[in-house]
Chemist: 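Please find one structure pasted underneath; my questions will follow.
In each ligand, atom 1 is the first atom listed, and ligand 1 is the first ligand listed.
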Amino acid sequence: MRQTLVAGNWKMNSSRESIKILLDGIKASISDVNNAEMALCCPAVYISDVSNQLEDTPIAFGGQDISVQESGAYTGEISGGMWNDFGCKYVIIGHSERRTYHNESDELVAEKFETARKAGLIPLFCIGETLEERESGVMEEVVSRQVNAVIDRLGVDVLGEGVIAYEPVWAIGTGVTASPEQAQDAHAFIRKMVSEKSQVVADKIQILYGGSMNAGNANELLACADIDGGLIGGASLKADDFLAIGKAAN
Ligand code: 13P
């Protein structure tokens with residue numbers, strides 16, 4: 001039985017003040033979430049606030065990106081050791097926004113997967129196709145290429161130490177969600193391609209859905225056999241919505 005994981009990705013949103021209000025709201029009713037692990041990935045500058053405010057709660061937290069370097073002259077970068085220093089459990093890697101705006105290649109994302117594992121962090125490894133790719137029928141090819149980049153570099157067992165987040169780019173921040181059938185089909189395909197390398201890893205690896213998951217559609221999506229949780233953007237910035245997604249797994 002795979003544990004459901006509902007992870008928030010705040011992206012470049014929030015402020016010290018809004019975080020305090022949001023986390024107070026989430027903490028007040030987190031005991032109503034009884035079947036999902038909840039996690040929040042925040043902007044680096046707020047990691048100290050978040051780690052302090054989530055102390056003594058079951059809510060995990062993490063970062064949104066990681067440098068492939070351990071330390072040194074890399075202005076603006078954040079190392080795995082730095083995330084670790086604040087008690088982070090997770091780090092997002094390969095988000096489509098970083099692949100697009102920062103030209104992150106499959107190979108670089110695979111390297112980040114490795115760096116995260118070396119630092120003891122669990123990578124939330126994002127994959128997914130653009131609308132153009134879906135419409136031209138290459139979704140399976142795209143996600144296979146993205147997953148295989150990690151398997152080729154590190155082996156399938158190391159892939160199994162992370163979490164996959166299937167985030168169709170056309171559903172991110174658009175309010176357009178993949179239908180439960182579309183999402184389930186993609187997740188089942190990803191699990192099947194992993195199973196060709198290792199059935200053990202395919203059975204255990206959590207595959208989250210990301211792309212406009214919200215309080216209204218979480219029930220249907222989380223009911224799908226191969227959807228093991230969600231990576232939530234906009235709805236993770238509202239306590240009631242984020243909690244509702246967590247409770248949908250109850
Ligand atoms: P939205 O939930 O805002 O569509 O964002 C999804 C996402 O990109 C999570 O990483």
Chemist: Are the side chains of His95 and Glu167 in contact, using a 4.5 Å heavy-atom criterion?
Modeler: yes

Chemist: Show the nearest heavy-atom pair for residues Asn35 and Asn250, with the distance to one decimal.
Modeler: N-OD1, 3.4 Å

Chemist: Gly211 heavy atoms, cut-off 4.0 Å: which ligand 1 atoms fall inside?
Modeler: 4 (O), 6 (C)

Chemist: Counting distance only, does the side-chain N/O of Glu161 pair as donor-acceptor with the main-chain N or O of Ile122 below 3.5 Å?
Modeler: no

Chemist: Just to check, does Ala171 reach to within less than 4.0 Å of ligand 1 when the distance is taken from its heavy atoms?
Modeler: yes

Chemist: Considering all heavy atoms of both residues, which atom of Arg98 and which atom of Glu104 are nearest to each other, and what is their separation?
Modeler: NE-OE2, 2.8 Å

Chemist: Please verify whether a non-hydrogen atom of Gly173 lies at under 4.0 Å from ligand 1.
Modeler: yes

Chemist: Salt bridge (charged side-chain N to carboxylate O under 4.0 Å, His left out) for Glu196 and Lys192? Distances and angles first, verdict last.
Modeler: CA-CA 6 Å; Glu196 283 156 14; Lys192 184 170 146 292; 3.5 Å; yes

Chemist: Starting at CZ of Phe113, measure out to CG of Leu121 and round the result to the nearest 0.5 Å.
Modeler: 11.5 Å

Chemist: List the steps and the verdict of salt bridge (charged side-chain N to carboxylate O under 4.0 Å, His left out) for Glu70 and Lys118.
Modeler: CA-CA 10 Å; Glu70 278 175 30; Lys118 277 194 183 145; 5.7 Å; no

Chemist: Just need the protein heavy atom nearest to atom 3 (O) of ligand 1, so name the residue and atom and give the distance.
Modeler: Gly234 N, 2.9 Å

Chemist: Could you tell me whether Asn9 approaches ligand 1 through its side chain, its backbone, both or neither, with non-hydrogen atoms closer than 4.0 Å?
Modeler: side chain

Chemist: Counting heavy atoms only, which of Gly8, Gly233, Gly230 is nearest atom 6 (C) of ligand 1?
Modeler: Gly233

Chemist: Which residue from Lys11, Gln64, Glu97 reaches closest to atom 8 (O) of ligand 1 through any of its heavy atoms?
Modeler: Lys11

Chemist: So is there a nitrogen or oxygen of Glu167 less than 3.5 Å from a nitrogen or oxygen in ligand 1?
Modeler: yes

Chemist: Which of the numbered atoms in ligand 1 are below 4.0 angstrom from a heavy atom of Ser212?
Modeler: 1 (P), 2 (O), 4 (O)

